[in-house]
S.K.: 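One structure is given below, represented as structure tokens, and several questions about it will come after.
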Amino acid sequence: MSSPHRVLIVDDSAVVRQALSEILSSDPELEIMGTAGDPFVAAERIRRERPDVITLDVEMPRMDGVTFLQKLMSQHPIPVVMCSTLVGANTETLAEALAAGAVDVICKPRHDVRGFIEESRIRICDAVKAAARARLSRLRPPPSPSRPMASAVASATASAAPTRPLRPARSSMVQTTQKVIAVGASTGGTEAIRFFLENMPSAAPPIMIVQHMPEQFTAAFARRLDGLCAISVQEAKDGERLLAGHAYIAPGNQHMLLKRSGAVYGVELREGPLVSRHRPSVDVLFRSVARWAGKNAVGVIMTGMGADGAKGMLEMREAGAVTLGQDEATSVVYGMPKEALKIGAVEREMPLSRLPEAALIEAGEGAVAKG
């Protein structure tokens, strides 16, 4: 077994430092290198000994977490997981932290809700392990394509010729004019999704997205993207109808499913247990898309640790959907796409820079937003 990932915990609360230490120490793949009550103590500790990953509080005395993160990324890049209560203005601050180079966001552990402790342990340990394996150089997506639209589409079409699905589409799934793009991501996915959506035209097919992140933060994430993209981006609401030119992000702590009434697609949100160690789960979304959209769907699986989405994407491919995966060279963590490729769920794998074009071409749109 390889050596455990060494973690430095930075938080001004002694209670939180103790709780995080207990949670992370319960995983044999993690080791607590030390703790620090503020960024200045942390900086001194890092000068003496370099951790593999840092958990960093947002609000601390003497220097806030985002400022420390920015200094750290410019001087001594180390994978950082932001830790917050995710209340009030903190949700917007955490969006800034991810843009500044944080790998992921976790909620501070709580002990006041029955059943929360074990779920919290799973989520926190998985996020920290994924961050420790992250390739920081790939957190920044490539710039938006600058090629003319026509040549970009022609090139993508020529280099990404479709292959036959594993099995014929289910007979119950008839072809309609409505297409759906379903996207799943985890570690490193926030910036990958930003790139993907920034390259979508205003009339793109509806896009459903599961990005592993805590509740409350997904609304701030959607607002940030909505201000950057030609399409409308929002946190999904139960029962709403899917519209062209809109992207729907699954709320943290709720599973999101596609539902269908006649030729009309809509959103269904559900509570329930973790699926593939997550809620929301990519597998849950992809399975519902396989059932209700079949050959009318395009599936995209992006960077992230673990196997969430692999089995659901296989069901999509078997139902006749086109399935695309992000390649290893551009993934911050090549886990989810790798597992999906391994079981035959990914029809074609490609760099992040080509995913928006390919998804649009397969959905019959044939153009990217920016060129």
S.K.: Are the side chains of Ile181 and Pro206 in touch, meaning some heavy atoms are under 4.5 Å apart?
M.R.: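 Side-chain contact under 4.5 Å: no.
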
S.K.: Provide the closest heavy-atom pair for Ala182 versus Val289 in the form atom of the first, atom of the second, distance.
M.R.: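 Looking at all heavy atoms of both residues, the closest pair is CB-CG2, 4.0 Å.
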
S.K.: Membership question, hydrophobic clusters at under 4.5 Å side-chain separation (ILVMFWY): are Val282 and Trp292 in the same one?
M.R.: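 Both belong to a single hydrophobic cluster.
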
S.K.: Do Glu235 and Arg223 meet the salt-bridge criterion of a basic N to acidic O distance under 4.0 Å?
M.R.: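 A salt bridge is absent here (no side-chain N lies under 4.0 Å from a carboxylate O).
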
S.K.: Let me confirm one number: the CD-CG distance from Glu315 to Asp283, rounded to the nearest 0.5 Å.
M.R.: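 Output value for this atom pair is 8.0 Å.
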
S.K.: So that I can tick it off, tell me whether Asp52 and Arg133 are bridged by a salt bridge, with the cut-off set at under 4.0 angstrom between side-chain N and carboxylate O.
M.R.: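 Salt bridge: no.
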
S.K.: To check you understand the geometry: which heavy-atom pair defines the closest contact between Ala310 and Ile343, and what is its length?
M.R.: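 Closest approach of Ala310 to Ile343, heavy atoms only: O-CD1, 3.5 Å.
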
S.K.: Where the side chain of Thr323 meets the backbone of Gly299, is there a donor-acceptor pair that is under 3.5 Å apart?
M.R.: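 Pair absent, no side-chain N/O of Thr323 close to backbone of Gly299.
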
S.K.: What about Val332 and Val80, same hydrophobic cluster or not, with Ile/Leu/Val/Met/Phe/Trp/Tyr joined at side-chain heavy-atom distances under 4.5 Å?
M.R.: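 No.
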
S.K.: Hey, are Glu357 and Arg354 close enough for a salt bridge, meaning a charged N less than 4.0 Å from a carboxylate O?
M.R.: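 No, no charged N to carboxylate O under 4.0 Å.
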
S.K.: Would the distance check show the side chain of Thr330 and the main-chain N or O of Leu352 forming a donor-acceptor pair, the cut-off being under 3.5 Å?
M.R.: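 Yes, Thr330 side chain to Leu352 backbone: donor-acceptor pair under 3.5 Å.
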
S.K.: Determine the minimum heavy-atom distance between Pro251 and Thr218, stating which atoms define it.
M.R.: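 Shortest heavy-atom contact: CA-OG1, 3.5 Å.
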
S.K.: Do you reckon Val105 sits in the same ILVMFWY cluster as Ile193, going by side-chain contacts under 4.5 Å, direct or chained?
M.R.: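 In one cluster with Val105: Ile193, yes.
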
S.K.: Applying salt bridge (Lys or Arg N to Asp or Glu O under 4.0 Å), run through Arg121 and Glu22 and close with a yes or a no.
M.R.: CA-CA 9 Å; Arg121 189 192 72 79; Glu22 292 175 1; over 6 Å; no

S.K.: Does the side chain to side chain contact (heavy atoms under 4.5 Å, CB included) test come out yes or no for Gln326 and Leu355, once each step is laid out?
M.R.: CA-CA 7 Å; Gln326 185 176 353; Leu355 280 174; 4.0 Å; yes

S.K.: With heavy-atom distances below 4.5 Å as the criterion, would you say the side chains of Met63 and Lys71 are in contact?
M.R.: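 Answer yes - side chains close enough.
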
S.K.: Is there a side-chain contact between Phe221 and Ile209 in this structure, where contact means two heavy atoms from C-beta onward sitting under 4.5 Å apart?
M.R.: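 Contact flag for Phe221/Ile209 side chains = no.
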
S.K.: Indicate the atoms forming the closest heavy-atom contact of Met336 with Ser186, along with that distance.
M.R.: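 So the minimum-distance heavy-atom pair works out to SD-CB, 3.5 Å.
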
S.K.: Donor-acceptor pair, Arg194 side chain versus Leu225 backbone, under 3.5 Å?
M.R.: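 Flag not set: sc Arg194 to bb Leu225 has no pair under 3.5 Å.
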
S.K.: Give the minimum heavy-atom separation between Ala250 and Val210, together with the two atoms involved.
M.R.: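 Ala250 and Val210 have their closest heavy atoms at CB-CG2, 3.9 Å.
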
S.K.: Hey, are the side chains of Met82 and Asp104 touching, using non-hydrogen atoms and a 4.5 Å cut-off?
M.R.: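 Not touching, per the 4.5 Å side-chain cut-off.
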
S.K.: Just do the salt bridge (Lys or Arg N to Asp or Glu O under 4.0 Å) check on Arg17 and Asp12 with the steps written out, would you?
M.R.: CA-CA 8 Å; Arg17 294 197 300 271; Asp12 65 320; over 6 Å; no

S.K.: Is there a side-chain contact between Leu341 and Tyr334, using heavy atoms and a 4.5 Å cut-off?
M.R.: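 They are in contact (side-chain heavy atoms under 4.5 Å apart), so the answer is yes.
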
S.K.: Kindly say whether Ser281 contributes a backbone atom to a donor-acceptor pair with the side chain of His255 at under 3.5 angstrom?
M.R.: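 Side chain of His255 to backbone of Ser281, a donor-acceptor pair under 3.5 Å: yes, one is there.
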
S.K.: Between Asp11 and Val16, is there a donor-acceptor pair closer than 3.5 Å when you use the side chain of the first and the backbone of the second?
M.R.: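 No; judged by distance alone, with no hydrogens or angles, the pair does not exist.
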
S.K.: Counting distance only, does the side-chain N/O of Arg270 pair as donor-acceptor with the main-chain N or O of Met256 below 3.5 Å?
M.R.: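 Not confirmed, Arg270 side chain does not pair with Met256 backbone.
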
S.K.: Are Val7 and Leu30 close enough that some pair of their side-chain heavy atoms sits under 4.5 Å apart?
M.R.: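 Contact flag for Val7/Leu30 side chains = yes.
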
S.K.: Would a 4.5 Å heavy-atom cut-off, applied to side chains only, mark Leu20 and Cys83 as touching?
M.R.: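 Result yes, sub-4.5 Å side-chain heavy-atom pair found.
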
S.K.: Is Asp308 salt-bridged to Arg277, going by a charged N under 4.0 Å from an acidic O?
M.R.: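 Arg277 and Asp308: not salt-bridged.
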
S.K.: Kindly indicate whether the side chain of Leu72, heavy atoms from C-beta on, has any atom under 4.5 Å from the side chain of Ile54.
M.R.: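 Yes. Closest side-chain heavy atoms under 4.5 Å.
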
S.K.: Between Leu98 and Phe217, does a side chain to side chain contact (heavy atoms under 4.5 Å, CB included) hold up when you go through it step by step?
M.R.: CA-CA 11 Å; Leu98 286 170; Phe217 179 66; 3.3 Å; yes

S.K.: Count I, L, V, M, F, W, Y as connected when their side-chain heavy atoms are under 4.5 Å apart, and connections chain through other members. Are Leu139 and Val128 then in the same cluster?
M.R.: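 No, separate clusters.
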
S.K.: So for atom CZ, which belongs to Arg50, do other residues, nucleotides or ligands contribute more than 12 heavy atoms lying within a distance under 6.0 Å?
M.R.: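 Atom CZ in Arg50 is packed in, count exceeds 12.
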
S.K.: Look only at the side chain of Ser276 and the backbone of His278, and say whether a donor-acceptor pair between them is shorter than 3.5 Å.
M.R.: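 No.
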
S.K.: If I take atom CD from residue Glu96 and atom CG from residue Leu69, how far apart are they, to the nearest 0.5 angstrom?
M.R.: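 Separation between the atoms: 11.0 Å.
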
S.K.: Supply the atom-to-atom distance Gln211 CD to Ile249 CD1, rounded to the nearest 0.5 angstrom.
M.R.: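 Taking CD in Gln211 and CD1 in Ile249, the distance rounds to 8.5 Å.
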
S.K.: With a 3.5 Å distance limit and no angle check, can you tell me whether Ser25 reaches the backbone of Ser21 through a side-chain donor-acceptor pair?
M.R.: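 Yes, because the side chain of Ser25 sits within donor-acceptor range (under 3.5 Å) of the backbone of Ser21.
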
S.K.: I need the minimum non-hydrogen distance between Met302 and Ala185, along with the two atoms involved.
M.R.: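 Residues Met302 and Ala185, closest heavy atoms: CB-CB, 3.8 Å.
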
S.K.: Looking at Asn253, is its backbone amide N or carbonyl O close enough to the side chain of Arg279 to form a donor-acceptor pair, meaning the two atoms are under 3.5 Å apart?
M.R.: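 Present.
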
S.K.: Same cluster or not: Met305 versus Met313, using hydrophobic residues (I, L, V, M, F, W, Y) connected whenever any side-chain heavy atoms lie under 4.5 Å apart?
M.R.: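 Shared cluster, no.
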
S.K.: Between atom SG of Cys229 and atom CD of Glu198, what is the distance when rounded to the nearest 0.5 Å?
M.R.: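 Interatomic distance, Cys229 SG to Glu198 CD, rounded to 0.5 Å: 5.5 Å.
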
S.K.: Would you give the length of the straight line joining atom CZ of Arg317 to atom CG of Leu324, rounded to the nearest 0.5 angstrom?
M.R.: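 If I round to the nearest 0.5 Å, the distance is 10.5 Å.
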
S.K.: Would you sort out whether Leu274 and Arg123 count as a side chain to side chain contact (heavy atoms under 4.5 Å, CB included), showing the intermediate values?
M.R.: CA-CA 10 Å; Leu274 302 183; Arg123 289 169 172 168; 3.7 Å; yes

S.K.: Can you confirm whether Glu271 is buried at CD, in the sense that more than 12 heavy atoms of other residues, nucleotides or ligands lie under 6.0 Å from that atom?
M.R.: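 At most 12 heavy atoms, drawn from other residues, nucleotides or ligands, come within 6.0 Å of this atom.
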
S.K.: Looking at Glu339 and Lys342, does any basic side-chain N land under 4.0 Å from a carboxylate oxygen?
M.R.: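 A salt bridge links Glu339 with Lys342.
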
S.K.: Checking side-chain contact (heavy atoms from CB on, under 4.5 Å) against Phe40, which of Met60, Arg45, Arg62 comes through?
M.R.: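 Result: among Met60, Arg45, Arg62, Arg62 is the only option passing the side-chain contact (heavy atoms from CB on, under 4.5 Å) with Phe40.
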
S.K.: Measure the CD1-CG distance between Ile78 and Leu8 for me, rounded to the nearest 0.5 Å.
M.R.: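 Rounded to the nearest 0.5 Å, the CD1-CG separation comes out at 8.0 Å.
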
S.K.: Is it the case that the side chain of Gln234 and the backbone of Tyr248 share a donor-acceptor pair, with hydrogens and angles ignored and the cut-off at 3.5 Å?
M.R.: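 No; zero donor-acceptor contacts below 3.5 Å.
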
